[in-house]
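Worksheet: the structure to be examined is printed underneath.
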Amino acid sequence: MLFLRSRSLAALAVLHGLCFGQAHSAATLHWPDPQLDFLEDTLYSINSIGFLTENCDPRQNTTIAAQWLRLAYHDMSTHDATDGSGGLDASMIYELDRPQNVGIGMQQSLQDFVFFRTPYVGFADMIAMGVVMGVASCGGPIIPFRGGRVDAKVAGPATVPEPQQDLASHIASFNRQGFTQAEMIALVACGHTLGGVRRDDFPLIVDEKAPDGFGDFDGTAASRTSFDNAVVLEYLNGTTTNPLVASANVTARSDLRIFSSDGNSTMHRLASSNDFSETCKALLEQMINTVPKDVKLTDVIDPLENKVGSALLYTKNGSYVLQTNLRRLSVNPNRTVTLFWKERQTQGSLCPSTGCSVSSTRVSLDPPSFLGELRGIQKLSNYKFTTQIPLNASIAKFWFEVDEKDGSAPSIVDNDDGSGFEIDQDTVLFDPSRTTIVSEGFSGVFVIVVGVKDDILNAGGADAPHLTLESFEPGTQDFIAKIETVSLQRDTTHSPADGYTFFTGNISTGATAMHVHATVGGQKFTQYVVANDFMA
Ligand code: HEM
Ligand SMILES: *[C@@H]1O[C@H](CO)[C@@H](O)[C@H](O)[C@H]1NC(C)=O
Ligand SMILES: *[C@@H]1O[C@H](CO)[C@@H](O)[C@H](O)[C@H]1NC(C)=O
Ligand SMILES: *[C@@H]1O[C@H](CO)[C@@H](O)[C@H](O)[C@H]1NC(C)=O
Ligand SMILES: *[C@@H]1O[C@H](CO)[C@@H](O)[C@H](O)[C@H]1NC(C)=O
Ligand SMILES: *[C@@H]1O[C@H](CO)[C@@H](O)[C@H](O)[C@H]1NC(C)=O
Ligand SMILES: *[C@@H]1O[C@H](CO)[C@@H](O)[C@H](O)[C@H]1NC(C)=O
Ligand SMILES: *[C@@H]1O[C@H](CO)[C@@H](O)[C@H](O)[C@H]1NC(C)=O
Ligand SMILES: *[C@@H]1O[C@H](CO)[C@@H](O)[C@H](O)[C@H]1NC(C)=O
């Protein structure tokens, strides 16, 4: 895929008072953390869902950002603050046929997110992230993002507010969702700065004269696709074309009833664009963080200064190969990054007490996502390591030393507990070098190969080893992820080598991740592997 970049992003960032080169969070990743790893990548590093909306891109006479924002609000609006039930939990996948969720945008948006789920990150997190991405891409504030939402297994109550309802029911409805009346007024304005009402969906609200059958919430060409307070200003100066204010159908004027419900005082406050932006940032953050009460969200996810990639350990021609990488937010051509590692078998002590060390084999400079760019990241430096490790030494852990070569002391990049990034893969290991892809027309299989260390295998005695692959496939048709388990068999094409015996099993190329589960010699092992690693 080609990831185009917006030339206007720098200008946007300046408009929003951001400053390039601002201080980044220096927190080190707790490793491994596949949830944080994926969410941080998707936010700042890999322009995946962000790519769809990065220029506030249009779709269906509206914008993708508008569709994503409406989806998130409708999904959240099942929340009941009195008992903490419901909230942003992707229950929408079971609620699409309700009249209150009419509109092609719902289905289209879910389709946008369906591939970006993992065993650790659900649909609900992607719906919430869509708000952060969409709003920022249209020039709105950057809303802090937390992860950890849990996907519902069933539909929630049908509690999305509708235009023909009266003010009292709207106030009650927002109260139930956890918003005061003033917050309701602002949140509706923050939502209705993007997009509009489609005649196809609401023929009794939008009349046939509306261009393209679409009644924009704010009318001026420049404000139509921008997250600004034109919806407020036009309402206050009486020029608004917002169908929910000015429709000939008086019953349908829900925005008018809501906006004027406190004598316009909230709307007057939102006439300040700063106030509008700050208010929307806070309320939209509250909206995406409205989750069922037993769900615990993560800390806010900021760009990580140091990020350790996955570590693969496998055997090749009489030695182990370790592959990993360290990502840094900034570029410094003079910087050196060294990987240190400690052997598992300490007999004979191959490594000095300071550890064995190896320099990075390759540095790639990668563009950030558009949101990463808005956060002031210009390029990400990716230091890649491939190193051989003697079979009889193996590896217990590794860490990095970063020297900026600017006179400052080199810094150590270590796991948050200071004990190194531990590797527990030499008993059961996913082997990317023996794993292959076999395509069969449009689909195919990954023929996955896993090595098991002979001395542990033999020590197992009568206990046969038990190995399975649990593959994860995003459900593209019904939005329900497919998790399948296959047993691994002795691999007849790869003979035992380097002290390992190989096992194999097939998973669909539709899988984006898998767990290798093994019980060998009475011990349990698990390794999480993502699709990029199958194809390494
Ligand atoms: C009383 C509360 C609300 C009512 C009655 C209401 C009603 C509507 C209606 C009738 C549409 C047109 C949908 C279509 O044509 O398919 C719409 C669109 C939209 N609503 Fe609301 N809404 C409410 C609150 C909110 C809130 C709180 C948000 C978000 C914070 C929001 C965000 C949006 C967005 C972004 C669109 C445009 C969708 C697009 O262009 O595809 N709405 N709303
Ligand atoms: C805009 O709406 C008109 C009328 O419904 C439709 O013919 C046209 O295809 C729409 N354009 C896009 C880009 O969706
Ligand atoms: C006005 O719009 C509402 C909401 O769509 C609808 O229930 C009502 O029937 C409409 N009234 C008229 C006169 O079209
Ligand atoms: C009303 O406000 C909009 C948005 O600021 C502005 O573009 C328009 O010129 C104003 N119209 C009048 C009549 O004041
Ligand atoms: C609020 O503003 C609207 C739009 O300008 C206006 O029609 C209405 O009369 C105002 N209401 C009050 C109470 O000021
Ligand atoms: C495998 O290792 C041996 C000895 O270490 C070396 O001579 C040989 O070239 C290697 N083969 C490959 C394919 O790397
Ligand atoms: C890299 O080192 C050279 C030579 O010491 C120095 O002139 C240059 O400013 C350094 N570059 C950076 C980005 O620190
Ligand atoms: C590991 O193997 C190397 C030769 O490949 C040998 O020199 C070394 O002594 C061995 N170390 C141990 C602890 O067996
Ligand atoms: C796995 O797929 C390969 C390639 O299509 C095939 O040869 C092999 O029989 C399959 N193995 C199993 C256990 O289905």
Worked check of salt bridge (charged side-chain N to carboxylate O under 4.0 Å, His left out) between Arg146 and Asp125: CA-CA 8 Å; Arg146 296 169 193 268; Asp125 274 348; over 6 Å; no
Audit row: Phe116, Phe51, ring pair (Phe, Tyr, Trp, His ring centres under 6.0 Å) steps and yes/no: CA-CA 13 Å; Phe116 302 101; Phe51 169 71; over 10 Å; no
Within-4.5 Å side-chain heavy-atom neighbours: Ser508 and Val445: no
Test item: side-chain donor near acceptor, Asp366 and Ser364, under 3.5 Å: yes
Under 3.5 Å: donor-acceptor pair, side chain of Thr509, backbone of Ser443: no
Pro243 side chain near Phe217 side chain, heavy-atom distance below 4.5 Å: yes
Heavy-atom side-chain contact between Leu365 and Leu380 under 4.5 Å: no
Flag for Asn289-Arg149: side-chain donor and acceptor within less than 3.5 Å: yes
Test: Lys307 and Asp37 ion pair at under 4.0 Å: yes
Flag, side chain of His515 to backbone of Val529, donor-acceptor distance under 3.5 Å: no
Ser261 side chain to Gln181 side chain, donor-acceptor N/O pair below 3.5 angstrom: yes
Gap between atom CG of Leu284 and atom SG of Cys190 - 0.5 Å precision: 5.5 Å
Whether Ser272 side chain and Asp275 backbone form a donor-acceptor pair below 3.5 Å: yes
Asp166 side-chain N/O to Ser169 backbone N/O, donor-acceptor pair under 3.5 Å: yes
Audit row: Asp112, Ser109, side chain to side chain donor-acceptor pair (under 3.5 Å) steps and yes/no: CA-CA 5 Å; Asp112 295 334; Ser109 303; 4.5 Å; no
Exercise: identify the closest heavy-atom pair between Ile127 and Ala72: CG2-CA, 3.7 Å
pair Ile49-Met129: side-chain heavy atoms closer than 4.5 Å: yes
Pair Arg198-Thr62, side-chain donor/acceptor within less than 3.5 Å: no
Side chains of His192 and Asp255, donor plus acceptor under 3.5 Å: yes
Student check: side-chain heavy atoms of Asp218 and Asp228 closer than 4.5 Å: yes
Worked check of side chain to side chain contact (heavy atoms under 4.5 Å, CB included) between Phe123 and Met92: CA-CA 10 Å; Phe123 234 130; Met92 181 58 74; over 6 Å; no
Parallel, tilted or perpendicular: rings of Phe276 and Phe227 (30°, 60°): tilted
Min side-chain heavy-atom separation Ile258-Leu167 under 4.5 Å: yes
Parallel, tilted or perpendicular: ring planes of Phe113 versus Trp68, cut at 30 and 60 degrees: tilted
Full working for side chain to side chain donor-acceptor pair (under 3.5 Å) between Asp262 and Thr266: CA-CA 7 Å; Asp262 65 354; Thr266 299; 2.5 Å; yes
Steps toward side chain to side chain donor-acceptor pair (under 3.5 Å) verdict (Asn242, Thr240): CA-CA 5 Å; Asn242 176 351; Thr240 190; 4.9 Å; no
Pair Arg176 + Asp80: basic N to acidic O under 4.0 Å: no
Closest heavy-atom pair and its distance - Val206, Gly215: CG1-N, 4.0 Å
Worked verdict on Asn237 versus Thr239 for side chain to side chain donor-acceptor pair (under 3.5 Å): CA-CA 6 Å; Asn237 75 10; Thr239 61; 2.7 Å; yes
Check: Asn264/Tyr235 side-chain N/O donor and acceptor closer than 3.5 Å: yes
Nearest non-hydrogen partners of Ser369 and Leu43, listed with the distance: OG-O, 2.6 Å
Backbone N/O of Gly147 and side chain of Thr298: donor-acceptor pair under 3.5 Å: yes
N/O donor-acceptor pair under 3.5 Å between His170 side chain and Glu162 backbone: yes
Side-chain donor-acceptor contact under 3.5 Å, Gln67 with Gln60: no
Residues Arg327 and Glu305 bridged, charged N to O under 4.0 Å: no
Spacing of CD1 belonging to Ile64 relative to OG1 belonging to Thr225, to within rounding of 0.5 Å: 12.0 Å
Tyr73/Phe174 aromatic ring centres below 6.0 Å: yes
Euclidean distance, Thr512 OG1 relative to Phe38 CZ, rounded to 0.5 Å: 8.0 Å
Residue pair Asn506 / Phe446, side-chain heavy-atom distance below 4.5 Å: no
Exercise: identify the closest heavy-atom pair between Gly309 and Thr324: O-OG1, 3.8 Å
Non-hydrogen side-chain atoms of Thr78 and Glu95 separated by less than 4.5 Å: yes
Donor-acceptor under 3.5 Å (Gln286 side chain, Gly178 main chain): yes
Parallel, tilted or perpendicular: ring planes of Tyr120 versus Tyr528, cut at 30 and 60 degrees: perpendicular
Donor-acceptor contact below 3.5 Å, side chain Ser277 vs main chain Ser273: no
Side chain Arg257, main chain Pro163, donor-acceptor under 3.5 Å: yes
Steps toward side chain to side chain contact (heavy atoms under 4.5 Å, CB included) verdict (Leu283, Phe179): CA-CA 9 Å; Leu283 287 176; Phe179 296 93; 4.2 Å; yes
Value rounded to 0.5 Å, distance of CD1 in Ile104 from CG in Asp200: 9.0 Å
Donor-acceptor contact present, side-chain Asp83 to main-chain Ser85, <3.5 Å: yes
Exercise: identify the closest heavy-atom pair between Leu88 and Ala124: CD2-O, 3.6 Å
Residue pair Tyr383 / Arg328, side-chain donor-acceptor N/O under 3.5 Å: no
Nearest atoms (heavy-atom pairs only) where Glu234 meets Gly219: OE1-N, 3.0 Å
Test side chain to side chain contact (heavy atoms under 4.5 Å, CB included) applied to Ile143 and Val131, step by step: CA-CA 8 Å; Ile143 301 160; Val131 173; 4.0 Å; yes
Distance in Å, Met126 CE paired with Leu39 CG, rounded so as to fall on 0.5 Å steps: 7.0 Å
Working for side chain to side chain contact (heavy atoms under 4.5 Å, CB included), residues Val291 and Met76: CA-CA 7 Å; Val291 292; Met76 183 283 300; over 6 Å; no
